[in-house]
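Letters go in sequence order (proteins before strands), and every chain restarts at 1.
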There are 2 protein chains.
Amino acid sequence: MNTQNLPVAALIKFFEQYFPLNMAERKEVAARFTERSVKRRGFILQQGDVAKYFTFVVSGCFRQYVIDETGKEYNLQFAIENDWITDLCSFYSETASNTYVEALEPSVILQIKHEDLLYLYTHYHKFDRNFRIIVEKKYIDLQNRVMQNISVTAENRYSNFMTRYPNLAYRLPNIQIASYLGITPEFLSKVRKKIVRPA
Amino acid sequence: MNTQNLPVAALIKFFEQYFPLNMAERKEVAARFTERSVKRRGFILQQGDVAKYFTFVVSGCFRQYVIDETGKEYNLQFAIENDWITDLCSFYSETASNTYVEALEPSVILQIKHEDLLYLYTHYHKFDRNFRIIVEKKYIDLQNRVMQNISVTAENRYSNFMTRYPNLAYRLPNIQIASYLGITPEFLSKVRKKIVRPA
DNA sequence: AAATAATCTTAAACAAGTTTAAGAATCAGG
DNA sequence: CCTGATTCTTAAACTTGTTTAAGATTATTT
């Protein structure tokens, strides 16, 4: 099995940030994750579907969002290379999702089915651990975001976002950033103007 | 070892929601968690400290909060019986916390040190799994909160909070709820009035 | 390269939420 | 059960962010 230069090499490298994988574990990764290309605006999850996969982003960019009764969209998260995305709630409870996961760029992903991930959890201690760590890191990020949402003005949330996620931020249209920060694109425009040419 | 009626029995019961514990695992739980009583307004974590413990709440109620430059407090989370609380970021990175964790009621807790939890992770697969599940559930809650923060008015956030966490909500002063929802107590008062006697 | 779609900006009128201040009600602790 | 401290309410003036609408700019697709 030659996994060099393949998307699965990126995934193995990701896991090995935490702990080296033995040969059996590498084989399982190669066997149980499925590669897939997604074009811009393609969906890997839509409202009403059960999230069947946990997705590792090899290249490209995704957003998860919800749509309210009035048709407005709200971005819950972005994921670029080396990040993970799914609707965790739907994935683990195997119930219909309220969310969409859409590619913002042409992307390459590796997906694992719920049952295969459970298999890995049960047979290889290390994957319980790896996914514990993945979710812990995401939890910490999310808590930081909640903190900002309840304590920081839109202007500062925008500045902080740009400094914290510069790679991500400069790839995203402002309209997507506004939706993530919980403000309108019009107000973001105002904020940006103010930052460039402060009163 | 008789653990009936003891706080540690509550903790074992908590873990056994997910998977039964064998005798060795129960012994480790009894041995590695330390019981502690905390009086109202007592702190188990303060800004500048490293969070040395992961805390299971046997009885009582805690809040985690931050204080900004102007001295205002913002509640990041509450934890009542059968919930867990710490500053995850500080706990895992072993760096100083920006947050406080304070008892809102006289409380009884069980705490495990970072090194002891790592010991459990390493020697007992089940604890990696249990803590993966604990954090996943907390992540899902937090994502739901972010969604509300960016898409729902203060009035509806309050209503949703009251229906979603009634047990918790009716134990908390409104001032604490306001701080969690990201609004002022004065505005919450307005909102409550409107809900009782709609215009 | 043209056509279409999506994004960005501006501004005026509006709505949601904050600030300040002060009095009333409730609660915790000795 | 008394007392000080905390919490809750109200209201007026203010600030932050939204809505609507329209034109300008930039990307994407054909």
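Across the protein-nucleic acid pair, B:Asn149 atom CG and C:dA16 atom P stand 17 Å apart, rounded to whole Å. At whole-Å resolution of the value, NZ in A:Lys194 and C1' in D:dT15 are 10 Å apart. Note: CG (B:Leu172) to C1' (C:dC27) measures 15 Å, nearest angstrom. Atom OH in B:Tyr158 sits about 17 Å away from atom C1' in C:dG17, given to the nearest Å. One interatomic measurement links the two molecules: CD of B:Gln176 to P of D:dT7, which rounds to 7 Å at whole-angstrom precision. Counting to the nearest Å, the C1' atom of C:dA16 and the CG atom of B:Leu181 are 15 Å from each other. If you measure from atom NZ of B:Lys190 to atom P of D:dA13, you get 13 Å, rounded to the nearest angstrom. Atom-to-atom, CZ of B:Phe187 to C1' of D:dA12 comes out at 15 Å; the value is rounded to the nearest Å.
Atom OH of B:Tyr158 and atom CD1 of B:Ile177 lie 5.5 Å apart (nearest 0.5 Å). Atom CG of B:Leu188 and atom CG of B:Asn174 lie 5.0 Å apart (nearest 0.5 Å).
Between B:Tyr180 and B:Phe161, the ring-plane angle classifies as tilted under the 30° and 60° cut-offs.
Applying the salt bridge (Lys or Arg N to Asp or Glu O under 4.0 Å) test to every pair with at least one member in residues 106-119 of chain B, sequence neighbours left out, gives these pairs: B:Arg32-B:Asp116.
When distances run from any side-chain atom of B:Thr153 to the nucleotides D:dT9, C:dG17, D:dG17, the shortest one goes to C:dG17.
The side chain of B:Lys193 contributes an N or O atom lying less than 4.0 Å from OP1 or OP2 of D:dA11. Dashed line: the shortest gap from a side-chain N or O of B:Arg192 to OP1 or OP2 of D:dT9 is under 4.0 Å. Between A:Thr184 and D:dT18 there is a side-chain N or O to OP1 or OP2 distance below 4.0 Å. The shortest distance between the side-chain N/O atoms of A:Lys72 and the OP1/OP2 oxygens of D:dT19 is below 4.0 Å. Note on B:Asn174: every side-chain N or O is 4.0 Å or more away from OP1 and OP2 of D:dT7.
Aromatic pair A:Phe33/A:Phe56: centroids not less than 6.0 angstrom apart. Residues A:Phe78 and A:Tyr165 place their aromatic rings such that the two centres sit no closer than 6.0 Å.
In this structure, B:Arg132 satisfies the cation-pi test against A:Tyr121, with its NZ or CZ atom closer than 6.0 Å to the six-membered ring centre and inside 45 degrees of the ring normal.
Linking Ile, Leu, Val, Met, Phe, Trp and Tyr residues whenever their side-chain heavy atoms come within less than 4.5 Å places A:Phe19 and A:Ile134 in a single cluster.
Along DNA chain D, the nucleotide closest to B:Pro185 and the one closest to A:Leu188 are compared, and the more 5′ of them pairs with B:Pro185. In terms of position along DNA chain C, the nucleotide closest to A:Ile175 lies nearer the 5' end than the nucleotide closest to the other residue of the pair B:Val152 and A:Ile175.
Inspection of the B:Gln111 and B:Thr34 side chains reveals no N or O donor paired with an N or O acceptor under 3.5 Å.
Results of the side-chain hydrogen bond (donor to acceptor under 3.5 Å, both in side chains) test with B:Gln77 over B:Gln64, B:Arg63, B:Arg145 single out B:Gln64 as the only residue that passes.
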Indicate for each nucleotide in nucleotides 21-30 of chain D, in 5' to 3' sequence, whether protein heavy atoms under 4.0 Å reach the base (B), only the sugar-phosphate (S), or nothing (-). B------S--
Taking only Watson-Crick and G-U wobble pairs with both distances under 3.5 Å, what dot-bracket line describes DNA chain D, where [ ] shows pairs that cross earlier ones and | shows pairs with another strand? ||||||||||||||||||||||||||||||
